[in-house]
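Scroll down for the structure; my scribbles are underneath it.
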Amino acid sequence: MPASEKPARVRFAPSPTGTTHLGSARTALYDYLLARQTGGQFILRIEDTDRKRYVPGSEQELMASLRWLGLEWDEGPDVGGPHAPYRQSERKHIYLQHALELVERGHAYYCFCSPQRLEKVRQEQQRRKELPLYDGTCRRLPPAEATARAAAGEQHVIRFKMPREGSITAHDRLRGDITVKNRNLDDYIIVKSDGLALYHLAAMVDDHLMGVTHVLRSAEWLPTFPLHVHIVRAFGWAELEWVHLSLFLKPSGKGKMSKRDTQALKESGYSIFVEDLRLAGYLPEAVVNWVALMGWSYDDHTEFFTLPELVEKFSLDKLNPSPAAMNYSKLDHFNGLHIRSLEVSDLARRIKPFLLNAGYYLDDELLLQVAPIIQKRLVTLDDAIPMAGFFFQPQIAPKADDLVGKNMSPARSAHAARAAYALLAALPSISLETAEEPLRRLAEELGLDAGQLFGILRVAATGQPVSPPLFESMQIIGKPVVLERLKNAIAILEGLAAESPHPLAQ
RNA sequence: GCCCCCAUCGUCUAGGGGACCAGGACGUGGCCCUUUCAAGGCCAAAACCGGGGUUCGAAUCCCCGUGGGGGCACCA
């Protein structure tokens, strides 16, 4: 185990504004891995300071998705912890108190400008192709006057008083030192007129109060990163270890996912939402494995990882700063790999809800027999429905054309089926051991390829031209039912032969 | 427009001055195996954005271009 990091207290801090997507899942995964690897804590904090964007139910979905992925947190809104509450909307007074401290110490000031005026200023700046920054009107107010006006109840916000000169250098774990001139930074609003803090203040206050050591977040935060460091330094708090993770790009690699891309992706059967992937039959193990490898690598030859293995092998030093396009065919590959590594009973357990959902009556014993023969063939759990649904249907309805053997006439197919019926009927039971050899000999006697005969039997017994292995399937279906279905197939083939316009065609 | 980040096969990546006519994985093509479909095995095609430096030597370090991406809210 790499002991390079001290016990890390990390936080995953999503805002409850929508459905959990893969980018969040990866951040949470890395948080979890770092915490578990170093013997630290994984904190879940809900950043719900913007009540306008709050989506009811998203918090529940978020927690369900994290738990589905196997990422349990040590402290959070539902499990509590030493720094509760873990929901920012419940910590309003804490932020306000800290903002006032900043005002008193000259690092922040009251601003009484109306949103309308600010909008006008911004438009003018943009027309003049300038950086749209606050023009500093209230920054020049005498502090005593500003405090008096605020105390008198005048509408106001609190802005951070950005130094006008010089620059700030902050360290990012993946990119090294990042230096920005202070004049390119704004006097950001840190407390809104409703008294609630913005992310910039709230997150920094919480990270400090909660003893967070490492901040892992998306690279989208890089532009405001210097502001956050300014705030931390204004308070005189300990510097954090900043890790800005690479962005996730849409599969084409051209930019991040938009609403439209998200919809288009769904139509092709994939999704960036964890919930959708679960519903589509992906294993949490596969999603974790796939997402872990987008922006992180171990060595050249190992790519298959379980969560415990990732806890052991993960390292911040192997993180890659460049944006990564999502490769869904690789997700499919990982899903197949993880499905194949499952115990049969586990696989059966996971397939069950998909079969049930598709309306198939479920016999657990039967499912346990079916699972091993489809295990190598599944890409998603959902694939079990078209692949093995017939096992759970009392009736099958093979298509007449499918029953005709390859390069054979209906009459000849019927003849072959009758011969196979006689052979199988005489067997004590049907299995690979008992039926394969005799059937191969029969094919030879009939002048057929084994594939031609087996094809007819496959469609007759399973109702479909593509199925799990024939003998294993027939064994599961059972001799009486196989014979009954074969009889039915013979009847269909004979009917087809009777109406055939080419009686001589063989 | 301004600020910031990034830059190796189609995609995810290894590589941190000589071990690289650049390795692995997905995908693609071919072959083998084979009762269908898979799985598995083998093989192949496929990349260091460009230009300058530094150096005996650069995919690797520096600079400049170019390209791509992100951000510029009383959102997070």
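Values reported hereafter were calculated over all heavy atoms of this structure, with side chains retained and with hydrogens, waters and symmetry mates removed.
A:Arg53 and A:Asp48 are not joined by a salt bridge, as no carboxylate oxygen comes within less than 4.0 angstrom of a charged side-chain nitrogen. By the 4.0 Å N-to-carboxylate-O rule, A:Asp31 lies too far from A:Arg11 to be salt-bridged with it.
Among the atoms of the strands shown, none is found under 4.0 Å from any heavy atom of A:Lys406. Within 4.0 Å (heavy atoms only), A:Lys256 reaches sugar-phosphate atoms of the nucleic acid but no base atom.
RNA chain B lies under 4.0 Å from at least one heavy atom of each of the following residues of residues 109-119 of chain A: A:Cys113, A:Pro115. Near RNA chain B, defined here as any heavy-atom distance below 4.0 Å, the residues from residues 465-476 of chain A are A:Pro465, A:Val466, A:Ser467, A:Pro468, A:Pro469, A:Leu470, A:Phe471, listed numerically.
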Using a 4.0 Å heavy-atom cut-off to protein, can you give one letter per nucleotide of nucleotides 5-11 of chain B, 5' to 3': B if the base is in contact, S if only the sugar-phosphate is, - if neither? SSS---B
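B:rC72 and B:rG1 make up a base pair, with Watson-Crick or G-U wobble contacts both under 3.5 Å. Nucleotide B:rG57 forms no Watson-Crick or G-U wobble pair with any nucleotide shown, as no partner meets the under 3.5 Å limit on both distances. Pair assignment for B:rC21 gives none, since no Watson-Crick or G-U wobble pairing has each distance under 3.5 Å. Nucleotide B:rG65: paired with B:rC49 (Watson-Crick or G-U wobble, both distances less than 3.5 Å). In this structure, B:rC42 and B:rG30 make a Watson-Crick or G-U wobble pair, each of the two defining distances being under 3.5 angstrom.
The P atoms of B:rG65 and B:rA44 are separated by 42 Å, rounded to the nearest whole Å. Nucleotides B:rG16 and B:rA7 have their C1' atoms positioned 16 Å apart, rounded to a whole Å. Distance check on atom C1': B:rG53 versus B:rG27 gives 39 Å, rounded to whole Å.
Sorted by first and then second residue, the ring-ring contact (aromatic ring centres under 6.0 Å, His included) pairs with a member in residues 446-470 of chain A read A:Phe454-A:Phe471; sequence neighbours excluded. Pairs engaging residues 437-454 of chain A under the side chain to side chain donor-acceptor pair (under 3.5 Å) rule: A:Glu436-A:Arg440 [sequence neighbours left out].
Between A:Tyr199 and A:His228, the distance separating the two ring centers is shorter than 6.0 angstrom.
The side chain of A:Ser193 sits closest to B:rC74 out of B:rC4, B:rG69, B:rC74. If you check B:rA76, B:rG71, B:rA73 against the side chain of A:Ser15, the one that comes closest is B:rA76. The side chain of A:Glu303 lies closest to B:rG24 when the candidates are B:rA14, B:rG24, B:rA76. Comparing B:rU13, B:rA76, B:rA38 against the side chain of A:Arg377 picks out B:rA38 as the nearest.
Distances shorter than 4.0 Å separate some side-chain N or O of A:Lys192 from OP1 or OP2 on B:rC75. Considering only side-chain N and O atoms, A:Arg440 lies under 4.0 angstrom from the phosphate OP1 or OP2 of B:rU35.
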What side-chain donor-acceptor pairs closer than 3.5 Å can you find for residues 187-197 of chain A, not counting sequence neighbours?
from     : atom 1 : to       : atom 2 : distance (Å)
A:Asp187 : OD1    : A:Arg139 : NH1    : 3.0
A:Asp187 : OD1    : A:Met162 : N      : 3.1
A:Asp187 : OD2    : A:Tyr109 : OH     : 2.6
A:Asp187 : OD2    : A:Arg139 : NH1    : 3.0
A:Lys192 : NZ     : A:Thr49  : O      : 3.1
A:Asp194 : OD1    : A:Leu196 : N      : 2.9
A:Asp194 : OD2    : A:Arg51  : NH2    : 3.4

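A straight line from CH2 of A:Trp290 to P of B:rG27 spans 14 Å, rounded to a whole angstrom.
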